[in-house]
Amino acid sequence: TKPSEVTPAILMKSYACQRRTPLKHHNSVLTDALEILALNAEFTKNEGRSVAFRRAASVLKALPRGVRTMDDLKDLPCLGEHSLRVIKEILDAGTSSEVEWTRQSEQFQAMKALTGVFGVGVRTADRWFREGLRNHLDLIHKSQKLNRAQEAGVQYYNDLNTPVTKKEAMVITVIVEKAVNDVLPGAIITLTGGFRRGKEVGHDVDFLITHPDEGAEEKLMPKIVNWLEDQGLLLYQKTTRNSYLENKDGPARPACNMDRFERCFSIFKLERSKLDSDTRIEDSSYNSGVTDGTQTHSGSTWRAVRVDLVVSPYSQFAFATLGWTGSKLFERELRRWAGQEKGMSLSSHALYDSKQQRYLPANSEEEIFTLLGLEYIPPSERNA
Ligand code: DCP
Ligand code: MG
């Protein structure tokens with residue numbers, strides 16, 4: 001082989017937080033397949049397996065070109081035997097029988113439909129599946145007992161399963177900024193989650209809110225929620241209180257991965273008239289009023305959108321921003337890197353150094369990467 005024909009070896013780091021992962025990549029056929037298996041493993045409560053498939057998919061997302069032969073995968077980390085087998089099958093035959101079988105299976109389809117209802121997690125969906133329920137309509141027809149979140153999830157099922165566009169996210173940003181600045185002038189509002197990473201659509205809109213005067217943010221959420229409710233902008237909300245207390249004896253990681261900020265899970269009522277007219281008329285994704293009985297409202301003047309609001313004290317804002325920007329795998333890998341490689345414990349609240357037995361403060365995401373001994377990865381390249 002002439003030197004010019006040799007493909008240079010790719011130096012792929014093994015933690016996703018050490019790599020740049022753009023939103024658009026060259027291997028979506030393979031990553032979609034692996035992510036079906038990851039999702040199925042999640043549905044069957046096999047977390048280890050699920051993470052292994054997600055890590056494998058994530059490595060392929062970071063490749064500078066499409067994989068064409070198994071040779072292209074030489075020396076890449078995180079590709080287990082099972083993932084390699086699936087990739088080989090797709091390269092050879094175009095599809096993987098395991099993936100196709102999974103995709104078509106009754107259990108996978110039912111779990112996907114049931115967990116697609118707001119307020120329904122894997123555990124509940126699994127129980128309902130075993131009771132014979134298959135989708136959100138069964139929840140109505142078989143008069144399943146639902147909590148308030150699930151009621152809303154069924155009621156607004158169609159809207160909540162219609163991807164939120166960037167334009168809608170921008171309209172909601174303006175509303176949230178108005179609400180927050182009305183009840184606490186000088187507050188800072190950041191759009192986090194997938195939209196901060198550059199995604200064109202999302203399943204919800206995530207916001208992080210803080211104020212430069214530490215303490216000013218306390219009890220802020222109820223005020224924001226009241227403001228929004230007074231304007232008739234909320235279809236549903238559930239606020240959880242801040243339960244984080246810095247522990248002098250460390251570590252930072254709460255009992256579960258869930259963080260403990262004051263948080264509001266909400267469903268916004270977004271008026272279509274707030275969106276530009278050109279998108280309004282063409283966009284068939286809006287409920288037409290004629291539905292399968294899950295949408296109780298009649299007009300098509302508004303649509304339901306999931307919005308997550310999180311309030312953070314200013315001193316934790318950098319950690320919260322990093323923790324709420326995602327992707328989920330990127331976050332997971334950051335925490336794993338901190339623990340396994342640095343003897344540190346990272347959460348959305350703080351970074352704790354076990355050797356020094358102290359918290360390491362930071363004012364920006366860049367500083368946190370530096371404290372972790374990592375090269376800074378901008379949000380647009382955290383799409384692991
Ligand atoms: N997050 C987390 N742990 C949680 C909840 C959220 O680490 N328990 C982080 C990772 C996510 C981000 O917050 O990337 C936002 O959560 P979403 O579920 O909204 O995920 P995305 O915004 O990334 O994707 P989507 O477009 O589906 O909303
Ligand atoms: Mg989101």
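One-based numbering, in listed order, for ligands and for the atoms of each.
Of all atoms in ligand 1, listed by their number and element, those nearer than 4.0 Å to a heavy atom of Gly202 are 26 (O). Atoms of ligand 1 found under 4.0 Å from any heavy atom of Lys199 (numbered from 1 in listed order, with element): 24 (O), 25 (P), 26 (O), 27 (O). When each atom of ligand 1 is checked for a heavy atom of Asp206 under 4.0 Å away, the hits are 15 (C), 19 (O), 22 (O).
Minimum interatomic distance between Phe207 and Ala169 (heavy atoms only, all atoms of both residues): CZ-O, 4.5 Å. Contact detail for Glu100 and Thr95: the closest heavy-atom pair is CG-CB, 4.1 Å.
The shortest heavy-atom distance from Arg332 to ligand 1 is not under 4.0 Å.
Between His349 and Phe319, the distance separating the two ring centers is not shorter than 6.0 angstrom.
For Gly194, a nitrogen or oxygen atom sits less than 3.5 Å from a nitrogen or oxygen atom of ligand 1, counting backbone and side chain alike. Checked against a 3.5 angstrom limit, the closest N/O atoms of His203 and ligand 1 fall inside it. Taking distance alone, with nitrogen or oxygen atoms compared against 3.5 Å, Arg197 approaches ligand 1 more closely than that limit. Considering backbone and side-chain atoms together, Asp204 places an N or O closer than 3.5 Å to an N or O of ligand 1. Between Arg335 and ligand 1, a contact under 3.5 Å exists for no N or O pair.
For the Mg ion (ligand 2), the set of nearby N, O or S atoms under 2.8 Å includes none belonging to Asp308.
For Asp206, the N/O/S atom at the shortest distance from the Mg ion (ligand 2) is named OD2. Restricting Asp204 to its N, O or S atoms, the one at the least distance from the Mg ion (ligand 2) is OD1.
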